[in-house]
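Here is the naming used below: chain letters follow the sequence lines, and residue numbers restart at 1 for every chain.
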Amino acid sequence: MEKLKGKYMVELLGESRRTHYSGEINENEIGRTVAVCGWCQRQRDLGGLIFIDLRDRAGVVQLAFDSQTKADVFGKAELVRGEYVLFAEGVVRERSSKNPNIPTGNVEIAVTNLKILAKSETPPFEITDDTSTSEDIRLKYRYLDLRRPVLTKNLKLRYEITKIIRDYFDKNGFIEIETPMLIKSTPEGARDYLVPSRIHKGSFYALPQSPQLYKQLSMVAGLDRYFQLARCFRDEDLRADRQPEFTQIDYEMSFADMEDVMKIAEGLMARLFREILGEELSLPLPRYTYEQVTDRFGSDKPDLRYGLEIVDITNSLKNTSFPPFSKALSCGGGIKCINAKGGEKLTRKSLDALSEYAKGCGAAGAFYLKMSGGEVSGPLAKHLTSDEISSVSRAANLEDGDALIILAEENKALLGNVLGLLRTKLASSLGIKKEGHSLFWVVEMPFFELDPESGEWAAMHHPFTSPLESTACYLKTDKSKVKAKAYDLVYNGIELSSGSVRITDPVLQEEIFSLLGLSEEESRQKFGYLTLAFKYGVPPHGGMGLGLDRLVMQLAGAKSLRDVTAFPKVQNASELMTDCPSEVPGTLLGDLGITLKGD
RNA sequence: GGUUCGGUAGUUCAGUUGGUUAGAACGCCAGCCUGUCACGCUGGAGGUCGUGGGUUCGAGCCCCAUCCGAAUCGCCA
């Protein structure tokens, strides 16, 4: 025991091996000798009696030391502090006073042999589920954070989910294929992470944003049904639901159309719901068109667990003299509102905050009307005629106790977007409980979208997406009318996945490239290998990619991807534990032929 | 790049109008304690108030700049 008093003096594992995980010890083991390994959650020294809560990834069990314990074992138990690593052997016995709060609370281990395998400094924060320690500190010591049962549980759940996914695709005839991490950069869309080449100085690989082209080429290769849990990378700003590297459940199938691809995704979701949540998902999932969801909810990925639909009240106010409204209308804009049912309780302060938020989103601001006792009030009320007020009230179904949030904008797209954002904000201001699941498809997405800055048409999905046949006739006449043969799966207000049927007609593909402003030369340089491949017999195919991290986050009931990712990055895309990215020695840069500005 | 919030002990926070030696809880250390499980009791240690500058007789507090973290808008084919 003397040897344990020095700072780093510890014992060797030797032949000692565990027989059980801590969380597995229960009444069935009473009377048996067991051995466990883990970390000291807490040591309670009562004098002649010591208890240690031993934690491993499966749970916690109580170790007991008393007058029956051998003196040297008892002496070691006295030295144990938080997060010491222990091996303990002993006999399981019933506790004289039980603890109903933990699964192993009826039993304890009367320890006969104890080894201190490692000591620990006092950890920078207490390792419990209900820690209030800020996330940056926890992320710096992520290995300690991950000892918290809630995170361990999330990572185990993630593994369970990936096991089911692999089995599901296997059963449906898909084979998992690894596509390269070092690929050709395609500067469209999200920014690529670039990897310099030492052998080809001045040339760069990119990390994949998605295995898109490789999976399509796998279809040309005749592999027929491909899937992969694919690591993807995007050099864009982070969010709670966006990490720069993430995992996509990626699949592609040949001789299949939209319905086939969607059916596979629905089957997967149904199985995950059944096996993870124990709930039956009713199939097929509801479908809404892009136009429907954006009109009604101001978003292409609305959360439908609550209402707060957008109502167009342009007609009711078409002759208004209230300047902010009449000005918007005279410039071809519109006026829309959301009826916040029961919103009367919103204080002026929180309504002003909503207006500020709307301004932050690019709107001119938000106005509001309240109704209580049959009276319509609010600063806006005196600027409208009683006819206008009653017309608006009727259109928006304004009733006692409600508040109407009203926006007027020249730019109709902005108007919808901001109302969509306000809708989400309102749901939390009103304390709306989001119960159940909101899982549905969005279809008939526009094929092109107008880039407001450049004024050019860009592909909303990606340039390999097939146009919906019935709208292909507008390709040359009116781009805004062309719809994509694409489908997004939306789950509780997040875009879970998106997919499409791909273009397999080389002539059409060339046409799309040219409509997107790519010259023949450019498209050959960027995607020539794809069009070349398509000359040698390409099967009709389509597929999709589902965000694994987002899916796990939802199924785990977590609020952030960081809670379901073992070693996540923070908002500025750095990792606090290893402090990457970091500078590298000049000699390394030299090998790559790279000179930094300012060198 | 914009907006908002935050940064004071290991952790979570309080800190009055700018005024003596910057406090609390938990944690930590020591002693006591045989049924605890957020053990208890007694005592103790622990601070570059994110950083730099400014205003002032005097700054944790006011001003400017900057760094860091978070939410969010832009961005994310």
With heavy-atom distances below 4.5 Å as the criterion, would you say the side chains of A/Leu238 and A/Pro244 are in contact? yes
How about A/Leu561 and A/Met553: do any of their side-chain heavy atoms sit closer than 4.5 Å? yes
Quote, to the nearest angstrom, the C1' distance that separates B/U12 from B/A38. 15 Å
Determine the Euclidean distance between corresponding C1' atoms of B/C62 and B/G31; express it in Å to zero decimal places. 48 Å
Rounded to whole angstroms, how far apart are CG on A/Asp130 and C1' on B/C26? 12 Å
Distances under 3.5 Å between protein N/O atoms and the N/O atoms of nucleotides 6-9 of chain B, please, pair by pair.
none

Rounded distance in Å between the C1' positions of B/C41 and B/U4: 47 Å
Among A/Asp53, A/Ile50, A/Leu79, side chain to side chain contact (heavy atoms under 4.5 Å, CB included) partner for A/Gln43: A/Ile50
For B/C13 versus B/A9, give the span between their C1' atoms, rounded off to a whole number of Å. 11 Å
For the P atoms, the ones on B/A22 and on B/A45, what distance do you get once it is rounded to whole angstrom? 14 Å
Which letter, B, S or -, goes with each nucleotide of nucleotides 70-76 of chain B from 5' to 3', with contact meaning a protein heavy atom under 4.0 Å? BBBBBBB
Answer for the Watson-Crick or wobble partner of B/G52, both distances under 3.5 Å, is B/C64
For A/Arg502 and A/Met544, which heavy atoms make the closest approach, and how far apart are they? NH2-N, 3.8 Å
Does A/Ser134 have a side-chain nitrogen or oxygen under 4.0 Å from the phosphate oxygens OP1 or OP2 of B/U12? yes
Going by the angle between their ring planes, with limits at 30° and 60°, are A/His462 and A/Phe464 parallel, tilted or perpendicular? tilted
Answer yes or no: is there a donor N or O on one side and an acceptor on the other, between the side chain of A/Ser22 and the main chain of A/Arg55, under 3.5 Å? no
Between A/Glu126 and A/Gln43, which residue's closest nucleotide on RNA chain B lies nearer the 5′ terminus? A/Glu126
Rounded to the nearest Å, what distance is computed from the CD1 atom of residue A/Ile137 to the P atom of nucleotide B/C68? 16 Å
Protein heavy-atom contacts under 4.0 Å, written 5' to 3' over nucleotides 31-38 of chain B as B (base), S (sugar-phosphate only) or - (none), form the string --BBBBBS
Given 3.5 Å as the limit, does a donor-acceptor pair link the side chain of A/Glu27 with the main chain of A/Val107, or not? no
Re B/A24: Watson-Crick or G-U wobble partner, both distances kept under 3.5 Å, found to be B/U12
Are more than 12 heavy atoms, taken from residues, nucleotides or ligands other than A/Arg57, located less than 6.0 Å from that residue's CZ atom? no
Does B/G31 pair with anything, Watson-Crick or G-U wobble, both distances under 3.5 Å, and if so, with which nucleotide? B/C41
Can you check the distance between B/C61 and B/G52, where both ends of the measurement are the P atom (answer in whole Å)? 13 Å
Paired nucleotide for B/G69 [Watson-Crick or G-U wobble; both distances under 3.5 Å]: B/C5
Distance in angstrom units between A/Ile127 CD1 and B/G27 C1', rounded: 12 Å
A/Tyr214 backbone acceptor or donor facing A/Ser218 side chain under 3.5 Å: yes
Dump the intermediate steps for side-chain hydrogen bond (donor to acceptor under 3.5 Å, both in side chains) on A/Gln525 and A/Glu521, then the final yes or no. CA-CA 6 Å; A/Gln525 211 174 0; A/Glu521 174 60 28; 5.2 Å; no
State, yes or no, whether a side-chain contact exists between A/Pro180 and A/Tyr205 at a heavy-atom distance under 4.5 Å. no
With under 30° as parallel and over 60° as perpendicular, where do the rings of A/Phe513 and A/Phe527 fit, or are they tilted in between? parallel
Using the P atom on both, measure B/G23 against B/G47 and round to a whole Å. 13 Å
C1'-based separation of B/G18 from B/A59 [nearest Å]: 6 Å
